[in-house]
Amino acid sequence: MNRPLSCSARTRPCHRPPPTGPITVTDLHRHLRERLLAASVDLGLDATAAADLVRLDAPKNKDHGDIALGAFQLAKLAGKAPPAFAAELAAKITPDAVIESSAAAGPFVNFRFRRAALAREVLSAIQSDAAPYGKATPTGEVVCIDFSSPNIAKPFHIGHMRSTVIGNALCRIHRHQGATVHGINHLGDWGMPFAKMMTAYMHFGDEAKLHESPMRYMFELYKRYGKEAEANPGLDDEAAKRFKALESGVDNDERRMWQLLRDESLKAFQGPYTRLGVTFDHVTGESFFEDKMEAAMARVTAAGVLEESEGAEVVKLEDKGIKVPCLLRKSDGTTLYHTRDLAAVFYREQQYHPNRILYVVGAEQKLHFAQLKAVLEKMNEPIAAAVEHVPFGLVLSKTEDGKYEKFASRAGNAVFLDEILDESVAKVRQVIAEKNPDLDDKDQVAEQVGVSAIVFNDLKNSRIKDVKFDWDAMLAFEGETGPYVQYAVARLSSILRKVDAPVPATDQVDFALLADAERVLLQMMEFGNAVRRAAEQSEPSVVTSFAIALAGEIHSYLVDHYVVGAEPAVQQARLVLVDAARRLLTTALDLLGIPAPERM
RNA sequence: GCGCCCGUAGCUCAGUCGGAUAGAGCAUCGGAUUUCUAAUCCGGCGGUCGCAGGUUCGAUCCCUGCCGGGCGUGCCA
């Protein structure tokens, strides 16, 4: 079994650098907050107590205003009825340079920003690439992200994609937030699955076939081993012996075989990684920790938590609320998944000094990571606090009667990632032939859009949900899809090309002319919040949703707001808006690891 | 059995710290192109937020129980 196939939040870099230079969009909120706080104090509230209760949210119904405050808690603090207090508060917030109005509506206070101020602050910040729209200054936070981590003795199929694309997005999101990120591919190149593959190859292997198509051939071997082992249980015993021989450290047949299969697998895996645009800072698989496990075991022993049980060495975790002990050494003396993960934690601690270590691994391995963390806690290792499992759901295949079931690679219904990507790219090529036959670089664009459609689809929903793999849905490029967002970028790029004039600097624009772009601007303003939430909760889908929403707003806006034929002053203002929307969508897609072609 | 996760429109899903009239996409029906890409936009239809209690001024959200589905549960990863 491999890691792939499936949160939490601790520290976060709070709002970006101090307000030097141009006012950024966060300052609209900050300004309102300060006014509200001052008003609360005027109304007799304690400043520190009130500070926590001034919480601004975008109202669900946009008719209510740009931003709203539910005055329930503040009213309680004041000992007044919420509607009465809301009215008093609203009256105190008189209009100023950026606040257009404040109005009480029952227990709520609704605010509106001046349209020109809204446009100026949002668009200036985007144009100057200021955080949160641009990369934040380094915060000093260090995040290790253990992702993809396929068992390389198995084919790279659809199930492996989730950890890969979620982890990749998290790397990008945390870097954007100013963290130092170590993206780590903890390859499954050790242990029993690898020993089984080795055993299969030693019995039925054919080197020519292996070199010809390593991934497919190893899939054949994998299936064959499964069948043979059913008929002949001795095979598993042999595999165990071979693993022991491999782990003895002696230069023997097993070691040479391990080297051959590992090399071939790694080469084969490079294909999907390249197509997905995924890179790693460190490729330190399980085998990397071969010579680091004894030190780790010594540390566990020294901590006094290691016990002998039924011939194995374990750490009992009942006192941590976990009934199943954590096995660190089998009765035959060989090591386990946990042993290597423990060694990896110590290694990462010493090498990278991380604040967080995220394990982007399927939800079915929850117990494994709970045990890992519990062992570290029991050892009183402070690094325990950094260990966070980031689980995600399974990929299910659709059955003929419209239900969904787990992919079973043993049964052979596994779908290779390459097949899916190829299928998607082919479909995109078809759409291009219909809609944009004169496009240059058709192949490159088809690859970019086709692969992105699959990646986007995987990042669209909360990661904990199972992904329902449905060809029809996967190959539909309308509605909430990757191509929908990319298409928005392409349209915006097209406008900028057609106008063929430089985008004006923000101090040369009359932002009052963008009053009709309020929905776009308010959506843009959500970006920082979205990225922060995505980082805190290890949830790239927050960024995906943002991208869909902004693309939707700009698509709607473009319908009846022309740039090309517009009055010069209007055109100038709209150019800034269009350019900002293009930048922001491109950034959002980039955080997801998705390219944004200028034409499609 | 025990532990954990999921359950919101016909389907796939959002719903942020408990807050205003629960939102999208797909499907379906009806519209929009003399101008920047119709992979688009606008509108209609569609809801017992699994069920029952509880807490609260207020629950899709928190608590308890139940139902349905999934995952896990000592020498695999």
Side-chain angles (χ1 to χ4, degrees), chain A residues 1-3 6 55 57-61 64 68 70 72-73 76 81-82 105-108 110 149 151 188 190-194 196 236 240 286 309-314 321-332 334 336-338 340-341 361-368 370 391 393-394 396 402 404 406 428 431-432 434-436 439 449 460-462 464-466 468 470 472-473 476-481 483-484 486-488 490-499 529-530 533 537 541-542 545 548-549 551-552 555-566 578 599-600:
Chain A
M1 194 64 188
N2 52 304
R3 288 202 150 162
S6 271
R55 290 201 288 244
D57 285 302
K60 281 180 195 160
N61 186 335
H64 288 133
F72 304 95
Q73 315 266 15
K76 195 173 181 184
F108 294 91
N110 296 318
S149 310
N151 189 313
W190 206 247
M192 282 304 288
F194 214 92
K196 288 179 183 179
D236 281 344
E286 292 186 60
S309 170
E310 298 171 36
E313 293 176 31
V314 309
I322 299 173
K323 288 181 182 168
V324 194
C326 177
L327 268 76
L328 290 173
R329 201 193 300 276
K330 295 198 278 189
S331 47
D332 72 357
T334 58
L336 287 144
Y337 189 41
H338 268 128
R340 296 184 280 282
D341 258 325
V361 180
E364 68 273 21
Q365 291 190 40
K366 269 197 152 177
L367 178 60
H368 171 80
L394 300 165
L396 305 178
Y404 293 92
K406 192 177 174 178
V428 171
V431 177
I432 290 173
E434 285 166 30
K435 299 183 186 281
N436 199 355
L439 182 68
V449 175
K460 192 167 65 173
N461 301 142
S462 312
I464 200 65
K465 297 249 163 115
D466 291 340
K468 282 134 186 172
D470 175 2
D472 291 337
F477 304 142
E478 291 164 13
E480 298 173 336
T481 65
Y484 175 86
Q486 288 175 319
Y487 181 63
R491 285 181 75 186
L492 295 164
S493 302
S494 172
I495 290 169
L496 293 170
R497 276 197 306 275
K498 291 256 159 68
V499 171
N529 197 21
R533 267 180 66 209
Q537 302 172 10
S541 67
V542 179
S545 300
I548 291 168
H555 272 309
S556 296
Y557 181 81
L558 292 178
V559 170
D560 44 19
H561 296 85
Y562 280 81
V563 182
V564 169
V578 162
R599 301 168 207 255
M600 63 185 272

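With a glycosidic angle no further than 90° from 0, B:C17 counts as syn.
Lacking a ring centre under 5.5 Å from that of the base six-membered ring together with a plane angle below 30°, A:Y337 does not count as stacked on B:C76. Ring-to-base geometry places A:F108 in a stacked arrangement with B:A20 (centre distance under 5.5 Å, plane angle under 30°).
As judged by a 4.0 angstrom heavy-atom cut-off over every strand, A:N461 is placed among residues touching the sugar-phosphate backbone only. Among the heavy atoms of the strands lying under 4.0 Å from A:A68 is at least one base atom, whether or not backbone atoms are also near. Among the atoms of the strands shown, only primed sugar atoms or phosphate atoms (P, OP1, OP2) are found under 4.0 Å from some heavy atom of A:V324. At a threshold of 4.0 angstrom between heavy atoms, the contacts of A:A312 include nucleobase atoms, whether or not backbone atoms are also involved. When heavy atoms are screened at a 4.0 angstrom cut-off, A:V314 is found touching base atoms of the nucleic acid. Using a 4.0 Å heavy-atom criterion, one finds that A:G565 contacts no nucleic acid atom at all. Nucleic acid contact for A:L327: base, since at least one base atom lies under 4.0 Å from a heavy atom of the residue. When heavy atoms are screened at a 4.0 angstrom cut-off, A:S462 is found touching the sugar-phosphate backbone but no base atom. When heavy atoms are screened at a 4.0 angstrom cut-off, A:H338 is found touching no nucleic acid atom at all.
Stem regions annotated for RNA chain B: B:1-7 with B:67-73, B:10-13 with B:23-26, B:28-32 with B:40-44, B:50-54 with B:62-66, counting only runs of 3 or more consecutive pairs of Watson-Crick or G-U type with both contacts under 3.5 Å.
Distances shown here put a side-chain N or O of A:K465 below 4.0 Å from the OP1 or OP2 atom of B:A14.
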I'd like a list of close polar pairs between nucleotides 39-42 of chain B and the protein, N/O only, cut-off under 3.5 Å.
{"residue": "B:A39", "atom": "OP1", "partner": "A:Y487", "partner atom": "OH", "Å": "3.3"}
{"residue": "B:A39", "atom": "OP2", "partner": "A:K435", "partner atom": "NZ", "Å": "2.3"}
{"residue": "B:U40", "atom": "OP1", "partner": "A:G479", "partner atom": "N", "Å": "3.2"}
{"residue": "B:U40", "atom": "O2'", "partner": "A:R491", "partner atom": "NH1", "Å": "3.0"}
{"residue": "B:C41", "atom": "OP1", "partner": "A:Y484", "partner atom": "OH", "Å": "2.5"}
{"residue": "B:C41", "atom": "O3'", "partner": "A:S556", "partner atom": "OG", "Å": "3.1"}
{"residue": "B:C42", "atom": "OP1", "partner": "A:S556", "partner atom": "OG", "Å": "3.0"}

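Taking atom P in both B:A39 and B:U33, one finds a spacing of 15 Å when rounded to whole Å. Nucleotides B:C13 and B:G19 have their C1' atoms positioned 23 Å apart, rounded to a whole Å.
You won't find any donor-acceptor pair under 3.5 Å spanning the side chain of A:D57 and the base of B:A20, going by distance alone.
Between A:H64 and A:F108, the ring center distance fails the sub-6.0 Å criterion.
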